[in-house]
Amino acid sequence: MVGKGAKAMLNGAVPSEATKKDQNLKRGNWGNQIEFVLTSVGYAVGLGNVWRFPYLCYRNGGGAFMFPYFIMLTFCGIPLFFMELSFGQFASQGCLGVWRISPMFKGVGYGMMVVSTYIGIYYNVVICIAFYYFFSSMTPVLPWAYCSNPWNTPDCAGVLDASNITNGSRPPPLPGNLSHALNHTLQRTSPSEEYWRLYVLKLSDDIGNFGEVRLPLLGCLGVSWVVVFLCLIRGVKSSGKVVYFTATFPYVVLTILFIRGVTLEGAFTGIMYYLTPQWDKILEAKVWGDAASQIFYSLGCAWGGLITMASYNKFHNNCYRDSVVISITNCATSVYAGFVIFSILGFMASHLGVDVSRVADHGPGLAFVAYPEALTLLPISPLWSLLFFFMLILLGLGTQFCLLETLVTAIVDEVGNEWILQKKTYVTLGVAVAGFLLGIPLTSQAGIYWLLLMDNYAASFSLVVISCIMCVSIMYIYGKCPSLRPPVSRPLACPRCPAGLLTSLSRAPQLLPGHPDDAGIPTAPLLPDLLALRLSSYHLSPGSGPPSSPLESSSLRAAPGAERALPPAPTAAESPQAW
């Protein structure tokens, strides 16, 4: 016969605690579990899967890069993903509210908010540029296909002969000697690059020279934020319905582009360039570092979004299954996107008579220069361009939904009263308006410099620091260090307390690694990293420890539906059945 205590434990509650309920009527839950899985897939599968992973793969040894990549996925990515889903699902709180388990580490939650804020600001600017290219593709001939435009320079040399361009027809390829001359002797500047730099961005000559705000980009930025707000106007109830399309249709477009790409001449060369292993690269520490950073960036660990999305799960949801499925789907998408990208780039390299490395790029250079130029070589190029940029928009929106919801949920849960729960739509509107205003400088002529700066430093080494401190605080501090429960005069004085590592890092920025410069931007201090670290270390200062009694702390419910605060972690003397 099963005892009363065992029954309570099977239901997810500890002895003497109120029985846990599956649903949270106050905060709300996902309509069904498919909505959570699709939202998490849309959150994890973003622009980095398309424009970052393929480049990292071929640069770090091709197929050999898969080995450290999947090692990092198995031993770092999936465990961290599972931990964050479990953390958020158990507490039913956002990335700030969950730290009521250990208020001294609440700065980690603020660090997650800082990371999500930085990424949310520039991510929507990338989406707005994709919108701009999407609208520009609605023409019989793509505007970056030839060099006869007012913005083109004498150095421009297109791969198409303007006299042969007709609606949907493909001109004959350039002769090999002419292609060689264009690319090597004349140092060819492609029309897609000039369209990107001289027309879309009107790029300034320095990061400090903001110039004018590009009104077309500003309008597209407004469209992006309006779309994001409308999809989140009712929180997870509305976004959960939108993801049925935004999370699945990119796979349809990827498949269409893949089928078209592999049927082109030179596609096999590009794919082999992508997959051919260089086993000597495995011995380089940089390759393992790139694999780890890509796992952190791609899965969204330490951004706060996983905790937030899981907080709307039913309490007894199988989050272990979800973490494995979502993580593997995300990484498989990255590999699949590499085939799509390099099949087209291989065709372009074959057409130009150059090596694939001459046309391969990453980041905005791939999405808005190299790949659009390759699309001009295809029959009915406007159609393929519309599909490609529509896919980028959907990939970006899937991530942006969760970034905005992370910030809104953190604010709402932190205040926690009935009024703000009823006015959550206005909180969402306020955050969206603030994001739009903060994104305006990124639409100026120097905006791309700042966008790349934020992209390099916002979600880099800070994610590793946040993840490490989160693991330490959950596994080794909460419930294991009783001296940290009551207020202490010097919480960092204990030599056994690993939380002191945070202050050490924040005081030694020279220990933080830098990142390669992608746009000729002078090396700058790791401002986002240091800000997140300082916010985290702020809550490690004397007097910031938890209250002397658990009852004095904010009421973090142990689970949706529970009416009492989360009890202190069980000590060794308590029954092992409690957990």
Side-chain angles (χ1 to χ4, degrees), residues 12-13 17-33 35-36 39-40 43 84-85 87-101 103 106 109-110 112-114 116-117 120 225-226 228-243 303-317 319 400-436 547 550-566:
E17 186 182 8
T19 301
K20 293 182 167 116
K21 299 178 182 178
D22 237 5
Q23 296 186 354
N24 189 331
L25 300 180
K26 187 176 181 180
R27 294 178 80 249
N29 296 99
W30 297 103
N32 55 67
Q33 203 52 35
E35 293 182 5
F36 167 70
T39 300
S40 300
Y43 176 58
E84 291 198 30
L85 292 189
F87 198 17
Q89 182 172 312
F90 177 80
S92 291
Q93 293 286 306
C95 62
L96 277 184
V98 293
W99 291 105
R100 293 171 188 167
I101 68 165
K106 193 173 185 179
Y110 284 111
M112 293 178 175
M113 287 190 66
V114 169
S116 294
T117 300
W225 278 110
V226 168
V228 172
F229 169 71
L230 292 178
C231 293
L232 289 175
I233 193 169
R234 295 181 57 234
V236 296
K237 295 296 184 182
S238 55
S239 65
K241 304 300 184 291
V242 176
V243 294
W303 290 19
L306 298 178
I307 295 176
T308 302
M309 296 301 105
S311 70
Y312 293 100
N313 275 339
K314 295 180 179 179
F315 183 78
H316 294 95
N317 171 62
C319 58
Q400 189 67 18
F401 292 158
C402 297
L403 291 172
L404 183 60
E405 184 63 33
T406 297
L407 299 177
V408 173
T409 299
I411 295 172
V412 171
D413 288 347
E414 186 67 9
V415 177
N417 55 40
E418 291 291 338
W419 180 85
I420 199 168
L421 288 173
Q422 296 175 358
K423 304 296 182 181
K424 186 178 178 180
T425 300
Y426 295 100
V427 178
T428 305
L429 177 61
V431 175
V433 171
F436 170 75
L551 298 178
E552 297 173 7
S553 63
S554 301
S555 58
L556 168 65
R557 294 180 308 166
E563 298 298 327
R564 60 191 299 272
L566 181 69

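By convention here, the first residue in the shown sequence is residue 1.
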Original post:
So Tyr43 and Trp303, would you call those rings parallel, tilted or perpendicular, with 30° and 60° as cut-offs?
Top reply: perpendicular

Subject >> Test of ring centre spacing under 6.0 Å for Phe87 and Trp99 >> reply: yes

Original post:
Stepwise, does the side-chain contact (heavy atoms from CB on, under 4.5 Å) test hold for Glu35 with Val236?
Top reply: CA-CA 9 Å; Glu35 293 182 5; Val236 296; over 6 Å; no

Subject >> Those residues that, when tested against Glu405, pass side chain to side chain donor-acceptor pair (under 3.5 Å) (two or more places apart) >> reply: Tyr312, Thr409, Lys424

Original post:
Okay, side chain of Gln89, backbone of Phe315: is any donor-acceptor separation there less than 3.5 Å?
Top reply: yes

Subject >> Pairs satisfying salt bridge (Lys or Arg N to Asp or Glu O under 4.0 Å), at least one member in residues 228-238, at least two apart >> reply: none

Original post:
At their closest point, which heavy atom of Met112 faces which heavy atom of Gly304, and how far apart are they?
Top reply: SD-CA, 3.8 Å

Subject >> Flag, side chain of Glu414 to backbone of Ala410, donor-acceptor distance under 3.5 Å >> reply: no

Original post:
Do the non-hydrogen side-chain atoms of Met113 and Leu96 ever get within less than 4.5 Å of each other?
Top reply: yes

Original post:
Do you know which two heavy atoms are closest between Gly94 and Asp413, and how far apart they sit?
Top reply: N-OD2, 2.8 Å

Subject >> Atom of Leu407, atom of Ser116 and distance for their closest heavy-atom approach >> reply: CD2-CB, 4.2 Å

**OP:** May I ask you to decide if Ser311's main-chain N or O and Arg27's side chain share a donor-acceptor pair within less than 3.5 Å?
**Re:** yes

Original post:
Is the backbone of Cys231 close enough, under 3.5 Å, to the side chain of Ser238 for a donor and an acceptor to pair up by distance?
Top reply: yes

Original post:
Among all residues two or more places apart in sequence or in another chain, which pass the side chain to side chain donor-acceptor pair (under 3.5 Å) test with Asn32?
Top reply: Tyr244

Subject >> Non-hydrogen side-chain atoms of Gln93 and Thr308 separated by less than 4.5 Å >> reply: no

Subject >> Side chains of Thr425 and Phe229 in contact at under 4.5 Å (non-hydrogen atoms) >> reply: yes

Original post:
Is Leu232 close to Val408 at the side-chain level, that is, under 4.5 Å between some pair of heavy atoms?
Top reply: no

Original post:
Any side-chain heavy-atom pair from Ile411 and Val431 closer than 4.5 angstrom?
Top reply: yes

**OP:** Give the intermediate values and the outcome of side-chain contact (heavy atoms from CB on, under 4.5 Å) for residues Thr39 and Phe401.
**Re:** CA-CA 9 Å; Thr39 300; Phe401 292 158; over 6 Å; no

**OP:** State whether the side chain of Thr428 and the backbone N or O of Ile233 hold a donor-acceptor pair below 3.5 Å, judged by distance alone.
**Re:** no

Original post:
Do the ring planes of Trp30 and Phe36 sit parallel (below 30°), tilted (30 to 60°) or perpendicular (above 60°)?
Top reply: tilted

Original post:
Does the Asn29 side chain pair with the main chain of Asn313, one donor and one acceptor, at a distance under 3.5 Å?
Top reply: yes

Original post:
Hey, does Cys402 have a side-chain heavy atom less than 4.5 Å from the side chain of Met309?
Top reply: yes

